[in-house]
Amino acid sequence: MARTRRDIEALAIEKGLPVPKMRHRRTAAGFTADKMQPGDSVRFETRSDALSLCNALRYRNMKYTMRRTDSGTGYRVWRL
């Protein structure tokens, strides 16, 4: 159901309410990212699993790099 202009103008504006903290699901990649020290690396079979760790590291403002393994059958993520 579409709202009319009158409905929108009638909405109550509330001031001074604090913004609640964001809630994030804890993931296996997040737990791994929390344990990693600079220079540590983790090998993954699939690119999507490697990207999950990259995203967890990026969310934590940690530097990282990802490379394909020499054999070409997997990926490795390093925390820098």
| query | Just one of Arg67, Met66, Arg43 clears the side chain to side chain contact (heavy atoms under 4.5 Å, CB included) bar with Arg76, so which one? | reply | Arg43
| Distance (rounded to the nearest 0.5 Å) between Leu11 CG and Glu9 CD | 9.5 Å
| Just how far is it from atom CZ of Phe44 to atom OG1 of Thr32, taken to the nearest 0.5 Å? | 6.5 Å
| request: Using the side chain to side chain contact (heavy atoms under 4.5 Å, CB included) rule, take Asp34 and Arg60 through it: C-alpha gap first, then chi angles, then the decisive distance, then the call. | output: CA-CA 8 Å; Asp34 289 337; Arg60 290 161 175 74; 2.6 Å; yes
| task | Work out which heavy atom in Arg58 is nearest to a heavy atom in Tyr64; give both atom names and the distance. | result | NH1-OH, 3.1 Å
| remark: Closest non-hydrogen atoms of Arg79 and Gln37, given as atom of the first, atom of the second and distance, are NH1-CA, 3.6 Å
| said: Looking at Asp49 and Thr46, would you say the former's side chain and the latter's main chain have a donor-acceptor pair under 3.5 Å? | reply: no
| query | Do other residues, nucleotides or ligands put more than 12 heavy atoms under 6.0 Å from the CG atom of Leu17? | reply | yes
| message | Would Arg26 and Phe31 count as a cation-pi pair here, with the cationic atom under 6.0 angstrom from the ring centre and within 45° of the axis? | response | yes
| From Trp78 atom CH2 to Leu57 atom CG, the distance as rounded to the nearest 0.5 Å | 13.0 Å
